[in-house]
Each structure stands twice: as structure tokens, then as C-alpha cells.
Amino acid sequence: MPRFFDIGANLTDPVFRGFYRGKSLHKDDFDAVITRAKNVGVERIMVTAGRLSEVREALRLCESHPGYFFTTIGVHPTRCDELATAGHSMIDEFIALHRAHPKSIIAVGECGLDFDRLQFCTRQTQLSTFPLHFQLTKQTGLPMFLHNRNTGGEFTRVIEKYREDFGEGCVHSFDGSVDEMKKLVDLGLYIGVNGCSLKTKENLDTVKAIPMDRILFETDAPWCGITTTHASFTHLESCTDPTIKQIMSKDATVSKPDRFVNGKMVKSRSEPCHILKVAAVVASLKGVSIEEIARAAWENGNRCFVQGEST
């Protein structure tokens, strides 16, 4: 069985407890979600945190599953007004949390720039708060879990300016061009791939070009699943792996949350077990086996985030 490190899953999202937009639509099925993940070979999950309250919630998961769940410290660019208001006091709180939970907190992030959603946080505020995370990584020695969306090269310019301030790092959920990917790889960064990285033909060309020693896999659950409209879907349709066929079976999923059935997945709610679908698409693009690409991503993920471990 392949081994997977899902380097980005939003498992503090209420949908894994049955709540959608504040309404309870089905019972808590978090444990079933994790069982499905383990059944496809997911051995480690980094629970993404994008604000201080989410770090504390993620740490509770880490404490309940030591060595399986890990988390991050940082502020998502769409929430950076919180960091702008708190300033260095929030950085100090993150540092204190890392000191208290050094085995659970393994990256600084999710941080970066997002110019697609400026209604949440202005460009100026993002550009002024992003650099605070480089101070955080200098003081903790942690790698970086980075966000880059529609920044027109501004993200790369910031990374170039501060590159000496951190060691390893990953640009997660990458959906940029081949040229942008190569610039980031040349800066020594890893590239995280999920369903949002596999939507278009241009996306597929980029992912195909990512070097094997720089690729990481993630689901960004409950978001970024692969859908029938994605260019990558044809690669799943032609996949003969029996576990992929089982996950994609109509019998494995209910169409809506309010039609929940025990043991079944919910359509449009991505789960960590779907990392196998990401691996299958990338394997098809690169002309290698699922086992080979999974092994590369597993080793890369551990090298980047888990104290240099590769096994």
C-alpha cells in the first residue's frame, strides 16, 4: 500500500462534525473520515491553521492522535487584519505555543498572499503582515507552509527578499504557470498539489513538469476535490486501481449532507482519503506508478516538515 503525508487538510472545519453554514445536517463522522484516510495509506496529516484560534483547535486533534496529526502556526492572508491589529503580540503567542508543543507544530503558516480575495484583506495589509512570518520562522526554525494566489509575481519577489530567513518551505495548492513553478523550485521550495492544482490543461502541464524530488501531495479538505469538470478527471476514469474505483463509486457517496448515511462520504466534501486520487492523476501525467509517485511525495513531505525524517 502507498504511504501518504497529506500536507494540508482543514480538519477543524465544522463539516467534519456535520455542521454546514451553522446548521447541523448529520452526525459527527470525523472518526470515519480518518478511518477512510488510514485505509488508503494516509499515515500523517498536517492540519492547516490560519489563525490563532484554529491553532489551538488543531492542537487538540494533535494531542488525541500524537504522531498522526500535526499543525501550523500563522495567519492566512485573508485573515491578516487580525495579525495587523495584534502585531508582535500574536507572534509571541505563536512562539509560546510552539515551545509548549514542539512535536505537534511543524510549520509556519498558512501564510502568504492572496490577491483573488482582497475583499477580506487589502493588498497593502497582506504585504505588511506577510513578512512577520519570516520573523516567526527565524525564531522557531520551522519550515514554511505558503499560500500564493493570483499575485502577479509579487509573492515570488517577497520570497526572494526573505529567502535566507528560512530553510525548507512549500507553496501549497499550487495553480500557477510552469515558469512560476520553476522559479519557486529554483528558490529551493517544494510544490503542493491537490485537486485545485489539476483543473485545467495548463494546470496539468505544470504539475507534469514538477520535479519528482519537489512534489508534495495534499487534499486541502474539505475543499479542492477533483470534480467531473476538471481536466484531470479523465485520468481517474481510466485508472484501474481498485481502491480508486471504490472511492469513485456512486455507492460510496451521498449526494447531499442532509442525506447522510453512516460509512459514506459526502459529495463535494473533500477528504484526506482523496489524496489517492491526486496521486493517481499525477502518476498518469508522469507515466509512473502510483506507488512510485506516492513514495516520492512521502519522502519529500517528511524531509520538508518532519525534522528531516524520510521514513
Side-chain angles (χ1 to χ4, degrees), residues 6-13 45-62 69-117 120-123 125-149 151 154-156 158-159 161-163 165-174 184 187 189-192 194 216 218 220-221 223 301 304-307:
D6 186 345
I7 59 103
N10 301 282
L11 294 184
T12 61
D13 194 289
I45 299 176
M46 190 157 74
V47 181
T48 308
R51 63 194 339 161
L52 188 57
S53 61
E54 289 178 353
V55 177
R56 295 192 176 106
E57 190 175 352
L59 283 170
R60 288 193 286 272
L61 289 179
C62 295
F69 291 138
F70 305 87
T71 193
T72 64
I73 45 173
V75 180
H76 192 280
T78 61
R79 298 165 181 159
C80 64
D81 281 335
E82 297 175 18
L83 181 54
T85 300
H88 288 278
S89 66
M90 185 177 288
I91 297 298
D92 291 342
E93 288 189 74
F94 284 139
I95 291 170
L97 284 170
H98 176 246
R99 286 174 179 164
H101 306 276
K103 292 185 178 180
S104 295
I105 295 172
I106 60 171
V108 169
E110 178 180 354
C111 59
L113 300 174
D114 190 321
F115 294 169
D116 261 348
R117 293 176 281 181
F120 295 111
C121 192
T122 67
R123 181 188 303 247
T125 304
Q126 291 187 42
L127 288 169
S128 66
T129 54
F130 184 19
L132 294 175
H133 292 88
F134 299 108
Q135 297 178 27
L136 184 55
T137 192
K138 282 182 73 174
Q139 293 187 62
T140 60
L142 292 172
M144 300 199 76
F145 185 70
L146 296 159
H147 179 104
N148 173 33
R149 188 71 71 237
T151 61
E154 191 66 40
F155 173 86
T156 303
V158 174
I159 293 297
K161 180 178 179 180
Y162 291 98
R163 187 61 186 93
D165 290 351
F166 67 100
E168 302 287 12
C170 167
V171 184
H172 104 105
S173 194
F174 188 77
L184 295 169
L187 287 167
L189 300 180
Y190 292 88
I191 307 296
N194 59 36
L216 300 177
E218 56 178 295
D220 207 30
W223 320 112
C304 182
F305 292 116
V306 190
Q307 300 175 352

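Note that these values count all heavy atoms, side chains included, but never hydrogens, waters or copies made by symmetry. The first residue of the sequence shown is numbered 1, and numbering continues consecutively from there.
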Distance-minimising heavy-atom pair for [X] and [Y]:
X: Ser173; Y: Asn194; value: OG-ND2, 3.1 Å
X: Leu127; Y: Glu154; value: CD2-CG, 3.8 Å
X: Leu142; Y: Ile106; value: CD2-C, 3.7 Å
X: Leu132; Y: His88; value: CD2-CE1, 3.8 Å
X: Met90; Y: Val75; value: SD-CG2, 3.7 Å
X: Cys304; Y: Pro143; value: O-CG, 3.4 Å

Separation of [Y] [atom2] from [X] [atom1] (nearest 0.5 Å):
X: Thr137; Y: Met144; atom1: OG1; atom2: CE; value: 5.5 Å
X: Cys170; Y: Leu216; atom1: SG; atom2: CG; value: 4.5 Å
X: Ile73; Y: Leu136; atom1: CD1; atom2: CG; value: 4.5 Å
X: Met46; Y: Ile7; atom1: CE; atom2: CD1; value: 5.5 Å
X: Glu54; Y: Leu11; atom1: CD; atom2: CG; value: 11.5 Å
X: Asp81; Y: Thr122; atom1: CG; atom2: OG1; value: 6.5 Å

Looking at side-chain heavy atoms only, is the closest gap between [X] and [Y] below 4.5 Å?
X: Phe94; Y: Thr140; answer: no
X: Arg163; Y: Leu189; answer: yes
X: Leu187; Y: Thr156; answer: yes
X: Thr125; Y: Leu83; answer: no
X: Thr72; Y: Phe305; answer: no

## Note on the structure
Given the options Arg149, His147, Gln126, Asp114 meets side chain to side chain donor-acceptor pair (under 3.5 Å) only with His147

### Task
Under the side-chain contact (heavy atoms from CB on, under 4.5 Å) rule, what do Leu146 and Ile159 come out as? Steps first, then yes or no, please.
CA-CA 10 Å; Leu146 296 159; Ile159 293 297; 4.0 Å; yes

### Message
Main chain of Ala221, side chain of Asn10: is a donor-acceptor contact present, judged purely on distance under 3.5 Å?
### Response
yes

### Ring-face cation of Arg117 near Phe115 (centre distance under 6.0 Å, axis angle within 45°)
no

### Task
Could you go through the side-chain contact (heavy atoms from CB on, under 4.5 Å) check for Thr12 and Arg60 one step at a time?
CA-CA 10 Å; Thr12 61; Arg60 288 193 286 272; over 6 Å; no

### Message
Show, in sequence, the C-alpha distance, side-chain angles and deciding distance for Leu52 and Glu93, and conclude whether the side-chain contact (heavy atoms from CB on, under 4.5 Å) test is met.
### Response
CA-CA 8 Å; Leu52 188 57; Glu93 288 189 74; 3.3 Å; yes

### Task
For Phe69 and Leu59, run side-chain contact (heavy atoms from CB on, under 4.5 Å): C-alpha distance rounded to whole Å, both residues' side-chain angles, the deciding distance at 0.1 Å, then the answer.
CA-CA 9 Å; Phe69 291 138; Leu59 283 170; over 6 Å; no

### Message
Tell me whether the rings of Phe130 and Phe155 are parallel (<30°), tilted (30 to 60°) or perpendicular (>60°).
### Response
parallel

### Task
Give a yes or no on whether a salt bridge exists between Arg79 and Glu110, defined as a side-chain N under 4.0 angstrom from a carboxylate O.
no

